[in-house]
Amino acid sequence: MKKYFLILIVTLGMVLGLIACGGNVDTDTSDSISETKAENDEEIGEQTNMKMNVQVGDYTFTATLENNAAVEELVEMMKEGTVTINMRDYSGFEKVGSLGRSLTANDEQTTTASGDIVLYNGNNIVMFYGSNSWSYTRVGKIDDLTDWKKALGSGSITAIFTLSE
């Protein structure tokens with residue numbers, strides 16, 4: 001019992017010592033961290049304004065993309081060429097289709113609205129013309145919903161995703 005108590009005291013002392021050392025921040029390191037954070041913030045700012053085109057039949061829509069790992073991976077796919085997804089109607093409020101590969105999911109409970117584009121189950125893209133509440137990773141949002149429901153229509157569609165210029 002004394003042995004365990006001694007180990008506990010020594011461990012506690014080490015932890016407290018490490019915590020106490022954490023307050024001394026080297027100014028050069030702090031400046032470097034601030035510069036890195038500023039660079040990352042600039043990159044994030046650029047990414048949040050990133051757009052993609054969504055073509056469905058004769059209609060082309062622009063979507064503003066989210067800033068997350070799934071979108072970064074989708075953007076890389078679009079840089080290699082168009083991303084074409086055959087989509088089917090599901091439950092009268094969304095179109096869903098397989099992306100053909102999995103992306104990094106960061107699912108959160110979400111209530112969607114018409115024009116939302118999300119990742120479901122890591123490898124399915126879902127485009128909403130209605131609303132649903134489920135756990136998704138947000139991908140983007142159609143900027144102008146004029147003719148959105150008309151373009152998605154009923155039944156199956158083919159959606160073509162490309163980066164906006």
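Residues Ala70 and Leu103 approach most closely at O-CD1, 3.6 Å, considering heavy atoms. When all heavy atoms of Gln109 and Ser135 are compared, the pair lying nearest together is OE1-N, 3.9 Å. Contact between Trp148 and Gly115 at its shortest, heavy atoms only, is NE1-N, 3.4 Å. Of all the heavy atoms in Glu66 and Gly140, the pair that sits closest is CG-N, 4.0 Å. Considering every non-hydrogen atom in both Gly122 and Ala105, the closest pair reads CA-CB, 4.5 Å. Heavy-atom minimum distance, Tyr129 versus Gly92: OH-C, 3.1 Å.
When each of Asn68, Thr104, Asp107, Thr110 is checked for a side chain to side chain donor-acceptor pair (under 3.5 Å) with Thr137, only Asp107 meets the rule.
Note on Tyr136 and Val71: separate hydrophobic clusters, where clusters join Ile, Leu, Val, Met, Phe, Trp and Tyr whose side-chain heavy atoms are under 4.5 Å apart, directly or indirectly. With hydrophobic clusters built from ILVMFWY side chains whose heavy atoms lie under 4.5 angstrom apart, Met78 does not share a cluster with Val126. Residues Tyr59 and Val54 fall within the same hydrophobic cluster, defined by Ile, Leu, Val, Met, Phe, Trp and Tyr side chains chained together at heavy-atom separations under 4.5 Å. Note on Phe61: it clusters hydrophobically with Leu74, by side-chain heavy-atom contacts below 4.5 Å among ILVMFWY residues. No chain of hydrophobic side-chain contacts below 4.5 Å, direct or via other Ile, Leu, Val, Met, Phe, Trp or Tyr residues, connects Val118 to Val56.
Within the 3.5 Å criterion, the main-chain N or O of Ser114 finds a donor-acceptor partner in the side chain of Lys141. Although no hydrogens or angles enter the test, the distance criterion places a donor-acceptor pair under 3.5 Å between the side chain of Lys95 and the main chain of Gly155.
Donor-acceptor pairing under 3.5 Å is lacking for the side chains of Ser98 and Asn124. When only modelled atom types and interatomic distance are considered, Asp143 and Thr64 share a side-chain donor-acceptor pair under 3.5 Å.
Between Asn86 and Ser156 the shortest side-chain heavy-atom distance does not fall below 4.5 Å. In this structure, Thr82 and Gln55 have side chains that are not in contact, with every pair of non-hydrogen atoms separated by 4.5 Å or more. Side-chain contact between Phe161 and Ile125 is present, with heavy atoms from C-beta onward closer than 4.5 Å. Considering only heavy atoms from C-beta on, Met52 stays 4.5 Å or farther from Thr62 through its side chain. Between Ile85 and Thr158, every side-chain heavy-atom pair lies at or beyond the 4.5 Å cut-off. The closest side-chain heavy-atom distance from Asn132 to Asp116 is not below 4.5 Å. Between Thr112 and Glu94, every side-chain heavy-atom pair lies at or beyond the 4.5 Å cut-off.
Note that the CG atom of Asn123 and the CG atom of Leu99 stand 7.5 Å from one another [nearest 0.5 Å]. Going from atom CG of Asn49 over to atom CG of Asn67 covers 10.0 Å, rounded to the nearest 0.5 Å. Remark: Glu80 CD to Glu76 CD distance equals 7.0 Å, nearest 0.5 Å.
Checked against the 6.0 Å centroid criterion, the rings of Tyr90 and Tyr120 do not qualify as a close aromatic pair.
Relative ring orientation between Phe128 and Phe93 is described as parallel, the plane-to-plane angle staying below 30° on a 0-90° scale split at 30° and 60°.
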task = For Arg88 and Val96, run side-chain contact (heavy atoms from CB on, under 4.5 Å): C-alpha distance rounded to whole Å, both residues' side-chain angles, the deciding distance at 0.1 Å, then the answer.
result = CA-CA 6 Å; Arg88 68 188 188 294; Val96 62; 3.5 Å; yes
Worked verdict on Asp89 versus Ser154 for side-chain contact (heavy atoms from CB on, under 4.5 Å) = CA-CA 7 Å; Asp89 200 69; Ser154 60; 5.8 Å; no
message = Assess the residue pair Asn53 and Leu163 against the criterion (side-chain contact (heavy atoms from CB on, under 4.5 Å)); give the C-alpha distance rounded to whole Å, side-chain angles, the decisive distance to 0.1 Å, and a yes or no.
response = CA-CA 6 Å; Asn53 295 320; Leu163 284 176; over 6 Å; no
